[in-house]
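These notes concern the structure reproduced below.
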There are 2 protein chains.
Amino acid sequence: MDGTGGLRERKKLRTRKAISEAAITLFLERGYDAVSVADVAAAAEVSKRTLFAYFPTKDDLVLHRIADHQTEAARVVRGRSAGEAPLDALHRHLRAGLASRDPITGLCDHPQVVAFYRLTQSPAVQSAVGRYVSAGEAALAAALWETTPEPGPLAEVTARLGAGQILLVQRALAQANQAHIMGGMSADGRAPDALAEADHAFDLLRDGLAPYRG
Amino acid sequence: MDGTGGLRERKKLRTRKAISEAAITLFLERGYDAVSVADVAAAAEVSKRTLFAYFPTKDDLVLHRIADHQTEAARVVRGRSAGEAPLDALHRHLRAGLASRDPITGLCDHPQVVAFYRLTQSPAVQSAVGRYVSAGEAALAAALWETTPEPGPLAEVTARLGAGQILLVQRALAQANQAHIMGGMSADGRAPDALAEADHAFDLLRDGLAPYRG
DNA sequence: GAGCATAAGTAGACTGAGTGCAAGAATCAA
DNA sequence: TTGATTCTTGCACTCAGTCTACTTATGCTC
């Protein structure tokens, strides 16, 4: 059974998809703040109450689309080839994402993706990103923790700090790319700088904030 | 004139203080979520509309109390003695804060402060912290930018990444201290670990994430 | 100190997110 | 078919935050 089980399951899937698509369509059309959840519910032909049974908050109507990426870094660390350092695996993964213009890297200029970038700039959505971030941090911290060679008393702190720093860097790089793309630059035009910044950022993670070290 | 100008000014100050104190009192008494802004307004003997003229959101009733710390890191960097590296100045400042049990470090066990720590754990407040954080990041990034010796094309990215990492670390350390204090540990009991973790964290900032570097 | 511009405060209705409840409709297992 | 379970709905409710129009207090000027 791959989940294509009963009719009930299929209906739920369909309802969820209908709500999600109605939401994105309306948000892209009119802007996040100009659309109420009642509008979304109406467009999806569902009651407001049902909408909230599928998505806990209005923000989630947008954010569930990138929810998969929450644990991506943790998966990369766990799935790295033997002998590869966590930072190298993440660096390689990011370079691959940039090369393939993965939307999550901020380096994708497909109109629909750019419109979605614009959506996520809304303050209301941004503040909800925090929740997703901290869940992702915990996951990556756990993955890093497993890799620790010598579990001294500071290993746990190291894992949590490292996870935070790594995800912070990834977010900052993506943010910068998004800003340039939204400013009208093409992905190909932005790519060289994006790559240079990514490499530089991982140098900083590996070797520390040399410029401020004195 | 140091601001003690007209009657109007003084009244505004008094009103602001009355609202703030009513809010904190009620929040500590019953918990953030169990108190409505209408309750706060009533306790401060002010209309709800007036309350929102002084504090833009409910979160701000809590967060304005730590708003001064927003630009603290930037000030430390700018005010450091000549020849001192930014990271060293921040490290020294943090150690001083820990030694003096500055509440912002999370290493303060005065009952009122602990109660305030507990307040800020509320998800609603936490998500609002994000706004404060990004303002602080921008300020620190600007301060770091000024110190950059050689302004290459990557200097700006470096400043923003560095600012993010530094503040992330400070938040994470404070969070850990708060958690232990709220768990019943005394500040003195926690202090040695807090100091060790702070030193370790700055080592990571200076020299990179050695354990994950391979 | 009278008069007027301006700023502060108020009441109350309104929008929009999110919840609680109780009843109705569909699905599933037997 | 029946009965239990689960999904959905409508409606009323709370609470944050805004809008409007009105009243009151302050400060400035003559």
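As the structure is a computational prediction, the values presented were derived from the model and not from experiment. Naming: A, B, ... by sequence-line order, numbering from 1 per chain.
- Of the listed nucleotides (D:dA16, C:dT10, C:dA17), C:dA17 has the atom at the smallest distance from the side chain of A:Phe52.
- For A:Gln175, the CD atom sits in a packed shell: over 12 heavy atoms of surrounding residues, nucleotides or ligands are nearer than 6.0 Å.
- Per the geometry, CG belonging to A:Asp39 stands 13 Å off C1' belonging to C:dA17, to the nearest Å.
- Taking atom CZ on A:Arg8 and atom C1' on C:dA25, their separation rounds to 11 Å, with Å as the unit.
- Among the heavy atoms of the strands lying under 4.0 Å from B:Val35 are primed sugar atoms or P, OP1, OP2 only; no base atom is included.
- Distances from the side chain of B:Tyr54 to the nucleotides D:dT9, C:dT10, C:dA8 place C:dA8 closest.
- One N or O on the side chain of A:Ser36 and one on the backbone of A:Asp39 form a donor-acceptor pair closer than 3.5 Å.
- At a non-hydrogen distance threshold of 4.0 Å, A:Lys12, A:Thr15 from residues 12-33 of chain A come into contact with DNA chain D.
- On a pure distance criterion of 3.5 Å, no polar donor-acceptor pair joins the side chain of A:Lys58 and the base of C:dG16.
- Counting non-hydrogen atoms under 4.0 angstrom, B:Lys11 reaches the backbone sugars and phosphates but no base.
- Rounding to whole angstrom units, CD of residue B:Glu9 and P of C:dA7 are separated by 12 Å.
- Residue A:Tyr32 forms a side-chain contact (heavy atoms from CB on, under 4.5 Å) with just one option from A:Leu119, A:Thr120, A:Leu26, and that option is A:Leu119.
- Counting non-hydrogen atoms under 4.0 angstrom, B:Phe55 reaches nothing in the nucleic acid.
- Summarising the geometry, the separation between CD on A:Glu45 and C1' on D:dT8 is reported as 14 Å, rounded to the nearest angstrom.
- The aromatic rings of A:His64 and A:Phe55 sit tilted relative to each other, their planes meeting at an angle between 30° and 60°.
- Among the protein residues, B:Thr50 comes within range of the nucleic acid bases, having at least one heavy atom under 4.0 Å from a base atom.
- In this structure, B:Gln112 places its CD atom where only 12 or fewer heavy-atom neighbours from other residues, nucleotides or ligands lie under 6.0 Å away.
- In A:Glu45, the CD atom is not crowded: 12 or fewer heavy atoms of neighbouring residues, nucleotides or ligands sit closer than 6.0 Å.
- Note: CZ (A:Arg49) to C1' (C:dG24) measures 15 Å, nearest angstrom.
- Checked options B:Phe52, B:Tyr132, B:Tyr54; the residue passing with B:Asp60 is B:Tyr132 (criterion: side-chain contact (heavy atoms from CB on, under 4.5 Å)).
- A:Lys48 places its NZ atom 9 Å from the C1' atom of C:dT19, with the value rounded to the nearest Å.
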